[in-house]
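Working notes, beginning with the structure itself.
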2 protein chains.
Amino acid sequence: MRTVNPEEHARKRAHILAAAAGEFAAYGVDGTSTARICRAAGIGSGTLFHYFATKRDIFHALFRDDLPRNAEACARAIARDRPEDGIRLLVDHLLTDLADPLVPGLAAAAVFQVNRDEEFARLIMADTAQVRSALETLTTRLAAAGRPLPFPPGRVAAWIQGLLDAAYLSAGEPDFDPATHTAELRRLVGWLTGGDASATPPGTRTSPQGDPTR
Amino acid sequence: MRTVNPEEHARKRAHILAAAAGEFAAYGVDGTSTARICRAAGIGSGTLFHYFATKRDIFHALFRDDLPRNAEACARAIARDRPEDGIRLLVDHLLTDLADPLVPGLAAAAVFQVNRDEEFARLIMADTAQVRSALETLTTRLAAAGRPLPFPPGRVAAWIQGLLDAAYLSAGEPDFDPATHTAELRRLVGWLTGGDASATPPGTRTSPQGDPTR
DNA sequence: CCTTTCCTGGAGCGCCTGCTCTACTATTGC
DNA sequence: GCAATAGTAGAGCAGGCGCTCCAGGAAAGG
């Protein structure tokens with residue numbers, strides 16, 4: 001008998017995934033041939049299809065692996081005493097990879113794939129629903145505490161999520177600055193959650209920093 | 001001799017473009033074969049390539065045709081006396097097609113293509129820059145008039161544009177309602193332009209309408 | 001009428017695709 | 001050391017691709 005070494009297996013799998021991520025980000029799913037992934041990973045096609053059933057499966061795995069981490073972040077956010085802290089925590093977590101150069105390409109490929117590939121759509125939907133639910137719980141708590149939200153709690157949650165998605169897509173623009181964008185996004189979230197961010201102190205107009213929300 | 005009939009030519013071209021738009025929205029550029037476009041348009045491949053040089057060219061034409069209309073809208077917006085009217089005009093113009101069922105698919109395909117196809121990226125960039133410039137002119141005028149913008153005028157313009165893009169992408173979500181989304185977006189734009197939208201009157205929290213900005 | 005050009009469908013070409021299959025080596029348990 | 005199986009490379013296959021090319025119908029000018 002010979003048993004499988006799960007650790008080595010996972011390492012090799014991750015190696016292939018990393019190589020595939022670069023190709024998918026650059027050329028998309030349809031635009032990336034399996035031969036290209038093999039070349040990038042330095043393996044033969046036999047090896048590739050030993051680890052993954054289909055090309056689509058590779059792309060799915062790239063996002064499926066993030067699901068548990070997001071679930072954990074949601075749980076931590078809800079556990080916070082002050083809802084605004086939870087929202088801040090969740091927003092920060094979801095913005096972690098904003099500076100990753102692969103992100104815009106992968107985000108574009110993902111948005112595209114959601115409209116095309118039903119199985120992938122369900123995968124992403126599960127993740128989205130999870131985050132949405134957490135955000136809605138938190139915004140509902142804010143509303144219950146008397147915060148004057150501009151929209152119903154569910155809609156506020158939807159907008160926060162929309163802003164996050166938009167951030168990842170705009171990360172590919174030529175003069176994109178993650179720090180500025182993050183700061184401004186927090187400001188917008190502050191307004192959406194009924195914070196005092198609407199009171200604009202004079203002089204802030206030209207300063208990219210200076211967000212007192214915490 | 002025989003002369004070309006430009007009117008008939010344009011009609012046929014538009015017919016092919018309409019058919020292609022449906023296919024591109026459903027399957028993307030790579031996922032749509034030229035044979036499929038031919039079938040959808042009820043023509044042979046000879047005809048298709050008589051009107052368009054390449055498959056990519058068909059996709060480009062789909063967006064290139066909108067450029068002059070957007071330019072005109074920008075000009076009209078800048079010509080307005082009150083900058084907030086101009087912004088409102090431009091935002092409304094850019095949200096015209098939000099209810100079109102093809103829009104989410106085409107937007108996804110476009111976002112994807114921008115990251116892949118350099119020529120298409122330049123095409124979209126030209127359109128984006130044009131709108132951005134108009135918005136920035138208007139927000140700068142607002143700032144000069146003493147309006148307390150939350151960010152520098154250029155950044156406010158960028159955010160308005162980002163919100164518009166996000167709207168088109170989220171238009172594919174299951175419970176998307178164009179009217180609600182538009183109303184809320186105008187509210188956000190109101191805040192971004194230093195309007196009084198931040199003062200939340202009680203009872204607005206559950207009302208999807210009621211935006212007094214004009 | 002004839003000529004010229006536009007317009008058209010579809011056969012077909014060369015190429016590339018995702019994936020399978022086979023032959024082989026490396027590593028494990030006994 | 002032996003058997004069993006995990007892991008690997010790459011040739012090869014069937015099918016689909018974008019696009020070309022050609023033969024002929026349709027329509028305009030003279």
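None of these values were measured; they are calculated from a predicted model. To find a chain, count down the sequence lines: A is the first, B the second, and so on, and within it residues start at 1.
- Between Val111(A) and Ala108(B), the closest heavy-atom pair is CG1-CB, 3.8 Å.
- Contact annotation for Gly42(B): backbone-only contact, meaning every heavy-atom pair under 4.0 Å involves sugar-phosphate atoms and none involves a base.
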Worksheet item: Can Arg69(A) and Asp66(A) be said to form a salt bridge (charged side-chain N to carboxylate O under 4.0 Å, His left out), step by step?
Response: CA-CA 5 Å; Arg69(A) 222 176 329 148; Asp66(A) 278 348; 2.6 Å; yes
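- Residues Arg64(A) and Ile124(A) form no side-chain contact, since every pair of their non-hydrogen atoms from C-beta on lies 4.5 Å or further apart.
- Salt bridge annotation for Arg116(A)-Asp30(A): absent, with no cationic side-chain nitrogen under 4.0 angstrom from a carboxylate oxygen.
- Residues Gly44(B) and Ser45(A) each lie close to DNA chain C; by heavy-atom proximity, the contact nearer the 5' end of the strand is made by Gly44(B).
- For the pair His9(A) and dA6(D), the criterion of a side-chain N or O lying under 4.0 Å from OP1 or OP2 is not met.
- Within the structure, ring pair (Phe, Tyr, Trp, His ring centres under 6.0 Å) contacts touching residues 106-136 of chain A (residues at least two apart or in different chains) are Phe59(A)-Phe120(A), His60(A)-Phe120(A), Phe63(A)-Phe120(A), Phe112(A)-Phe112(B).
- The distance from atom CG of Leu48(B) to atom C1' of dC7(C) is 13 Å, rounded to the nearest whole Å.
- Taking atom CZ on Arg39(B) and atom C1' on dC17(D), their separation rounds to 13 Å, with Å as the unit.
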Worksheet item: Which nucleotides of nucleotides 23-28 of chain D have their base under 4.0 Å from a protein heavy atom (B), which only their sugar-phosphate (S), and which neither (-), written as one string 5' to 3'?
Response: ---BBB
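- Among the atoms of the strands shown, only primed sugar atoms or phosphate atoms (P, OP1, OP2) are found under 4.0 Å from some heavy atom of Ser33(B).
- Of the charged side-chain nitrogens involved, at least one lies within less than 4.0 Å of a carboxylate oxygen, so that Asp65(B) and Arg13(B) count as a salt-bridged pair.
- Between Gly46(A) and Thr32(A), it is Thr32(A) whose nearest contact on DNA chain C lies nearer the 5' terminus.
- Gln161(B) contributes a side-chain N or O that, together with a main-chain N or O of Thr128(B), makes up a donor-acceptor pair within less than 3.5 Å.
- Of all the residues in residues 114-121 of chain B, not one reaches under 4.0 Å from DNA chain D with any non-hydrogen atom.
- For the atom pair CG (Leu164(B)) and CG (Leu90(B)), the distance works out to 8.0 Å, reported to the nearest 0.5 Å.
- DNA chain D lies under 4.0 Å from no heavy atom of any residue of residues 12-24 of chain B.
- By the 4.0 Å N-to-carboxylate-O rule, Glu119(A) lies too far from Arg122(A) to be salt-bridged with it.
- Counting to the nearest Å, the P atom of dT27(C) and the CD atom of Glu8(A) are 10 Å from each other.
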Worksheet item: What's the verdict on salt bridge (charged side-chain N to carboxylate O under 4.0 Å, His left out) for Arg187(A) and Glu184(A), showing C-alpha distance, side-chain angles and the deciding distance?
Response: CA-CA 5 Å; Arg187(A) 197 82 184 286; Glu184(A) 292 172 353; over 6 Å; no
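- As a whole-Å value, the separation of Ile37(B) CD1 from dC17(D) C1' is 12 Å.
- As judged by a 4.0 angstrom heavy-atom cut-off over every strand, Ile43(A) is placed among residues touching the sugar-phosphate backbone only.
- Under the side chain to side chain donor-acceptor pair (under 3.5 Å) criterion, no residue pair touches residues 42-55 of chain B, with sequence neighbours excluded.
- Of all the residues in residues 50-60 of chain A, His50(A), Tyr51(A) reach under 4.0 Å from DNA chain D with at least one non-hydrogen atom.
- Looking at Asp127(B), its side chain never comes within 3.5 Å of a backbone N or O of Leu123(B) through a donor-acceptor pair.
- Asp30(B) places its CG atom 11 Å from the P atom of dT17(C), with the value rounded to the nearest Å.
- Between dA9(D) and Thr47(A), a contact under 4.0 Å exists linking OP1 or OP2 to a side-chain N or O.
- A donor-acceptor pair under 3.5 Å is formed between the side chain of Asp177(A) and the backbone N or O of Thr180(A).
- Each of dC19(C), dC7(C), dC19(D) was ranked by its minimum atom distance to the side chain of Phe49(A); first place goes to dC19(C).
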Practice prompt. Output, in order, the C-alpha distance, side-chain angles, deciding distance and verdict of side chain to side chain contact (heavy atoms under 4.5 Å, CB included) for Ile37(B) and Ile43(B).
Written response: CA-CA 8 Å; Ile37(B) 297 175; Ile43(B) 57 173; 5.9 Å; no
